[in-house]
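A quick write-up on the structure given underneath.
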Amino acid sequence: MAGPADYREGVSAPATDATDARAAHADGVERLLASYRALPATATVRLAKPTSNLFRSRDRVEARGLDTSGLTRVIGVDVEARTADVAGMCTYEDLVAATLPHGLAPMVVPQLKTITLGGAVTGLGIESTSFRSGLPHESVLELDILTGAGEVVTASPTEHADLFRAFPNSYGTLGYAVRLRIELEPVEPFVALTHLRFHAIPDLIDTMDRIVATGALYDGTRVDYLDGAVFSADESYLCVGVQTAASGPTSDYTGQKIYYRSIQHDDGETHDRLTIHDYLWRWDTDWFWCSQAFGTQHPLVRRLWPRRYRRSSAYWKLMKLERRFDIGNRIERFRGRPPRERVIQDVEIPIERTSEFLDWFLAEVPIEPIWLCPLRPRDDADWPLYPLEPHRTYVNVGFWSTVPVGATEGATNRLIEHKVSELDGHKSLYSDAFYPRDEFDALYGGDAYRAAKRRYDPDSRFLDLYAKAVQRR
C-alpha cells in the first residue's frame, strides 16, 4: 500500500498549520473588502492579478484592482471527508502540492500550473479525468463569492443556488470566488500510459466513445485518464492513463525530452510511466506544444533554457510582451508576408459530430497538432451559462496558433464559431470571441445571467459578460 512519501516526488510546498491558514485567509478577505471599499463608487471592479490564463485581447486599464494577495493559499485538506477548502486565487500547482502527500487530488486538474481554483470555476477548465468527472465546477460543494454589492455570500446547491449555478462561465462578471470547498479523489503514486496510434480519425473517435461508455480499455483494464492528439488526418493518438501503486522506472519530460513527441509512433501502441505529479503537469513544461514558438524545443536552446522557466507561466509572459509590441506581425512585415490572426480556442463538440468537425477543421484551418479531451457532465444539474446536455459525451477540441488574416477582423475565429454552433457545440470564452449580442445571449444563458446580474450586481460594479468576452473591455 502506498504511503505519503510515495507521492512527494516533485512536491515542495511546505506544510501549513490549519489554524494559521484559516487566520491568514480571514485576514486576506478583510484586505479584499477594504480594497473594494476604497474604490470610487462609480469605478468598475477588477482584480489585481500577477498572472492570467486568459488569451483574449483587452483594453488597457490603469485603475487599481482589488487586493487578492491574501487569497492564494490552501486553507485546509480534510483527508477523511476528501475535501479541500481553498482560497480563490490559489493555483492548482499549490493545491496539488498540498493534496498529493495525502494520496488525494482534485477531481479535475486543469493542465497549467498557474490556473487558479476561482479561475477554473468562473472560467471553466478541463483535463483527462473529465470523461468521468466533468468540469471543475461540478466538484465544487460550496463557495464564498464577493458580489457587486460588496458582500461575501456563501453559494451552494441550497443557498444562493441561482448564483451557484450561474457562476461557472461568468468570468468574474457576477462576483469573485473568495473560498471554494471542493471534492477530492484518491490517487495512486504512478500513472501507466498507453499511447494508441490511429490512421483514421473516425476509428479514434469510436474507440474514445467506447472507453467513455465502459470506463475501460478493450481488455477490460479500468481507465483513469483519457485524452489525445491529432497531428494530421492519418496520424492521431489516444493517451490512456491507469493509476498504479507499482514502483518502477518513470520518464521525465521536464528536461530534454518533450512529452507530446513521446506519444508519436508508427503503428499499434507504446507504453510509458510517470509519477502522478509529473502526469498532472505533463502538458505544462511545453505549454502543450506551444513552446515551439519560442524555440525551446530546439535541442541547443533547450539545454540553455533554465528548467525553472520551462513552464506555461513563463511562456505566457513572453506572449504578453509579443502582443504588447506586436513582435510577430513586425517580423511578418519584414518578411513581406501579411499579418496573422490568433486562433487560440477550446470548443466542445458532441462526440458523434467530432469526426465531422475535425475533417472540416483540417481542411479549412492550417493548425496542428490539435488536442482532444472527452467530457461528460457528472449529473443532471443545470449550469445555464455553459449548457451542456446531461448524459451526453462531448469532445473538447483545443487548437492554439495563428493563421493569415482574412478579409474581416477575426475571420477564421468567426468561421469556427459558425461551425461549432452548426454542430450543436459550445465554445469557451477564455480567448477572443466575435458573436453578435443576440447569438451570444442564446448560447450563454442570457436570461439566467441577467437575472443573477440584477440580484448580485445591481449597480453593475462588475463588467457585463458580453462586454468582457466579446467587446474586450
Side-chain angles (χ1 to χ4, degrees), residues 26 28-49 54 56 58-59 61-68 70-71 87-89 116-124 137 140 142-181 381-387 429-430 433 435-473:
V29 173
E30 286 303 313
R31 296 210 302 273
L32 175 77
L33 291 172
S35 65
Y36 179 95
R37 291 189 289 265
L39 292 175
T42 57
T44 298
V45 178
R46 298 176 184 267
L47 295 182
K49 294 180 63 176
L54 292 179
R56 75 172 86 91
R58 289 179 287 178
D59 294 339
V61 178
E62 303 299 333
R64 184 173 68 250
L66 298 182
D67 180 2
T68 61
L71 301 176
M89 294 292 293
T116 64
L117 274 290
V121 172
T122 195
L124 306 186
H137 59 266
V140 174
E142 66 176 31
L143 66 165
D144 295 340
I145 299 173
L146 172 68
T147 71
E151 302 171 336
V152 175
V153 303
T154 299
S156 71
T158 59
E159 186 177 5
H160 295 289
D162 54 344
L163 180 58
F164 184 78
R165 296 297 179 200
F167 194 72
N169 210 44
S170 64
Y171 282 88
T173 65
L174 294 177
Y176 295 118
V178 174
R179 176 193 63 89
L180 305 95
R181 177 169 295 165
D382 177 31
W383 306 100
L385 273 62
Y386 208 70
L429 297 175
Y430 73 89
Y435 296 103
R437 184 67 189 242
D438 57 346
E439 185 179 355
F440 184 88
D441 285 350
L443 290 169
Y444 299 102
D447 290 342
Y449 175 75
R450 280 187 288 272
K453 189 76 167 170
R454 285 193 298 269
R455 181 176 180 187
Y456 295 101
D457 187 21
D459 298 321
S460 297
R461 297 299 306 277
F462 302 123
L463 286 173
D464 170 77
L465 182 59
Y466 186 78
K468 192 169 189 177
V470 180
Q471 296 175 332
R472 306 175 189 176
R473 291 178 56 192

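Computed from a prediction, not measured in an experiment: that's the story for all the values here.
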Original post:
Is there a donor-acceptor pair closer than 3.5 Å between any side-chain N or O of Asp464 and the backbone N or O of Tyr466?
Top reply: yes
Subject >> Close side-chain approach of Leu174 to Phe462, heavy-atom, < 4.5 Å >> reply: no
Original post:
How many angstroms lie between atom CD of Gln471 and atom CG of Leu465, to the nearest 0.5 angstrom?
Top reply: 10.5 Å
Subject >> Side chains of Tyr386 and Leu429 in contact at under 4.5 Å (non-hydrogen atoms) >> reply: no
Subject >> Electrostatic pair Asp382:Arg165 at N-O distance under 4.0 angstrom >> reply: no
**OP:** Indicate yes or no: at least one non-hydrogen side-chain atom of Thr147 is less than 4.5 angstrom from one of Arg461.
**Re:** no
**OP:** Nearest 0.5 Å please: distance from the NE2 atom of His137 over to the CG atom of Leu180.
**Re:** 12.5 Å
**OP:** Check whether any side-chain heavy atom of Val29 lies under 4.5 Å from a side-chain heavy atom of Asp144, and answer yes or no.
**Re:** no
Subject >> Tyr36 side-chain N/O to Leu66 backbone N/O, donor-acceptor pair under 3.5 Å >> reply: no
Subject >> Leu117 CG to Leu71 CG distance, which is reported to the nearest 0.5 Å >> reply: 12.0 Å
Original post:
Could you give the distance from CG (Leu463) to CZ (Arg46), rounded to the nearest 0.5 Å?
Top reply: 4.5 Å
**OP:** Measure the shortest side-chain to side-chain distance between Arg450 and Asp441 over non-hydrogen atoms and say whether it is less than 4.5 angstrom.
**Re:** yes
Subject >> Any side-chain heavy-atom pair of Val45 and Tyr176 under 4.5 Å >> reply: yes
**OP:** Report the distance from atom CD1 of Ile145 to atom CZ of Arg179, rounding to the nearest 0.5 Å.
**Re:** 10.5 Å
**OP:** Please report the shortest heavy-atom distance between Gly148 and Asp457, naming the atom on each side.
**Re:** CA-OD1, 3.4 Å
Subject >> Audit row: Val121, Phe167, side chain to side chain contact (heavy atoms under 4.5 Å, CB included) steps and yes/no >> reply: CA-CA 8 Å; Val121 172; Phe167 194 72; 3.8 Å; yes
Subject >> Step-by-step side chain to side chain contact (heavy atoms under 4.5 Å, CB included) determination, Phe164 to Glu159 >> reply: CA-CA 8 Å; Phe164 184 78; Glu159 186 177 5; over 6 Å; no
Subject >> Tyr449 side chain to Thr173 side chain, donor-acceptor N/O pair below 3.5 angstrom >> reply: yes
Subject >> OG1-CG distance between Thr154 and Leu143, expressed to the nearest 0.5 angstrom >> reply: 8.0 Å
**OP:** Say whether, by atom type as modelled, one donor and one acceptor occur between the side chain of Tyr444 and the main chain of Leu385 under 3.5 angstrom.
**Re:** no
Original post:
Would you say the side chain of Leu32 lies within less than 4.5 Å of the side chain of Thr68, judging by non-hydrogen atoms?
Top reply: yes
Original post:
Do Tyr456 and His160 have ring centroids that are under 6.0 Å from one another?
Top reply: yes
